[in-house]
Amino acid sequence: MKFSGVCLITDDVISLMEFYKNILQVEAVGDEIAARLRVKGDYHIDICSKQGMENLAPGSTNGIGHGGCTIELEVDSVDEEYERLKIYDVKFIKLPETYPWGRRSFLIQDLDGNIVNIYTNVNTEMNN
């Protein structure tokens, strides 16, 4: 089995697509029903409207909510990414901090409430 990506279900595909397009600095293709963003490596983030998912698999979205996951993004420099993202309308929920387990990170929240952990490994010995 090989992990290849994640699909976020939302009521506003276009806005969430633009959010991740700006955060990830990648191209996105899609419309108000579904979108795809290719990220570094052979991975993707798909964004699908709740109605689009229902059309694909009726009843599949019963009882689901929004904002129920954390997405982790490794970057070369947390501080540079923090400065870059300040120009966007991003909700910062934790400012950059270095942790004893060898990571420096900050947290933002996407438009649906999902948490995005942007981090750098600052002590590789702690992360092995």
Side-chain angles (χ1 to χ4, degrees):
M1 187 177 298
K2 175 184 168 188
F3 178 81
S4 63
V6 64
C7 180
L8 302 173
I9 309 299
T10 186
D11 291 322
D12 189 349
V13 172
I14 299 296
S15 294
L16 203 58
M17 176 179 68
E18 288 299 316
F19 175 87
Y20 281 103
K21 181 178 167 184
N22 290 331
I23 298 303
L24 297 167
Q25 297 180 350
V26 297
E27 291 301 314
V29 293
D31 55 27
E32 64 280 350
I33 303 298
R36 174 164 281 187
L37 298 98
R38 289 240 177 247
V39 295
K40 189 176 181 179
D42 192 25
Y43 306 104
H44 63 269
I45 294 178
D46 287 339
I47 302 169
C48 187
S49 70
K50 189 173 181 179
Q51 187 58 54
M53 185 57 74
E54 279 297 312
N55 291 345
L56 182 65
S60 64
T61 64
N62 291 342
I64 69 165
H66 298 295
C69 74
T70 298
I71 297 170
E72 295 204 340
L73 302 173
E74 184 176 2
V75 297
D76 291 331
S77 170
V78 160
D79 298 300
E80 288 177 16
E81 285 301 311
Y82 173 72
E83 290 300 321
R84 182 182 71 82
L85 293 178
K86 285 169 46 175
I87 67 168
Y88 296 103
D89 187 22
V90 173
K91 181 178 180 181
F92 291 93
I93 57 175
K94 180 84 169 137
L95 299 180
E97 184 174 339
T98 302
Y99 297 95
W101 50 86
R103 274 191 178 179
R104 180 164 178 76
S105 73
F106 66 92
L107 303 175
I108 61 175
Q109 198 168 44
D110 76 13
L111 306 173
D112 282 346
N114 295 300
I115 297 168
V116 180
N117 178 23
I118 299 174
Y119 73 93
T120 298
N121 289 318
V122 292
N123 182 347
T124 55
E125 291 177 18
M126 297 290 293
N127 293 295
N128 290 330

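What's counted below: heavy atoms across the whole structure, side chains too, no hydrogens, waters or symmetry copies.
Met1 belongs to no hydrophobic cluster with other residues, because no ILVMFWY side-chain heavy atom falls under 4.5 Å from its own, directly or through intermediates. Under the 4.5 angstrom side-chain criterion for Ile, Leu, Val, Met, Phe, Trp and Tyr, the cluster partners of Ile93 are Leu107, Ile115. Counting side-chain heavy-atom gaps under 4.5 Å among Ile, Leu, Val, Met, Phe, Trp and Tyr, the cluster of Met53 also holds Ile9, Leu56, Ile64.
Residues that satisfy the salt bridge (charged side-chain N to carboxylate O under 4.0 Å, His left out) test with Lys40, not counting sequence neighbours, are absent from this structure. Here Glu72 pairs with Arg103 under the salt bridge (charged side-chain N to carboxylate O under 4.0 Å, His left out) rule; sequence neighbours left out. When the salt bridge (charged side-chain N to carboxylate O under 4.0 Å, His left out) test is applied to Asp46, the partners found at least two apart in sequence or on another chain are Arg36. Applying the salt bridge (charged side-chain N to carboxylate O under 4.0 Å, His left out) rule to Asp89 yields no partners; only residues at least two apart in sequence or on another chain are considered. Partners of Glu97 by side-chain contact (heavy atoms from CB on, under 4.5 Å), not counting sequence neighbours, listed by chain and number: Lys94, Tyr99.
Thr120 places a side-chain N or O within donor-acceptor distance of the main-chain N or O of Val75, the cut-off being under 3.5 Å.
Two different hydrophobic clusters hold Val78 and Trp101 under the rule that ILVMFWY side chains link at heavy-atom gaps under 4.5 Å. Hydrophobic clustering (ILVMFWY, side-chain heavy atoms < 4.5 Å, transitive): Tyr119 and Ile23 are in distinct clusters. Both Val6 and Leu73 are part of a single hydrophobic cluster, where members link through side-chain heavy atoms under 4.5 Å apart.
Aromatic ring orientation, Phe92 versus Tyr82: perpendicular (interplanar angle above 60°, classes split at 30° and 60°).
Screening residues 17-51 for ring-ring contact (aromatic ring centres under 6.0 Å, His included), with sequence neighbours left out, gives no hits. Contacts classified as salt bridge (charged side-chain N to carboxylate O under 4.0 Å, His left out) and involving residues 50-65 (residues at least two apart or in different chains) are not found. Pairs of residues two or more places apart, or lying in two chains, never qualify as salt bridge (charged side-chain N to carboxylate O under 4.0 Å, His left out) while including a residue from residues 11-20.
In terms of heavy atoms, Pro96 sits closest to Asp79 at CB-OD1, 3.9 Å.
More than 12 heavy atoms of other residues, nucleotides or ligands shown are found within 6.0 angstrom of CD on Glu74.
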- Chi angles and distances behind the side chain to side chain contact (heavy atoms under 4.5 Å, CB included) call for Ile118, Leu85: CA-CA 11 Å; Ile118 299 174; Leu85 293 178; 3.6 Å; yes
Give every donor-acceptor pair under 3.5 Å between a side-chain atom in residues 26-34 and any protein atom, sequence neighbours left out.
| residue | atom | partner | partner atom | Å |
| --- | --- | --- | --- | --- |
| Asp31 | OD1 | Ile33 | N | 2.8 |
| Asp31 | OD1 | Ala34 | N | 3.1 |

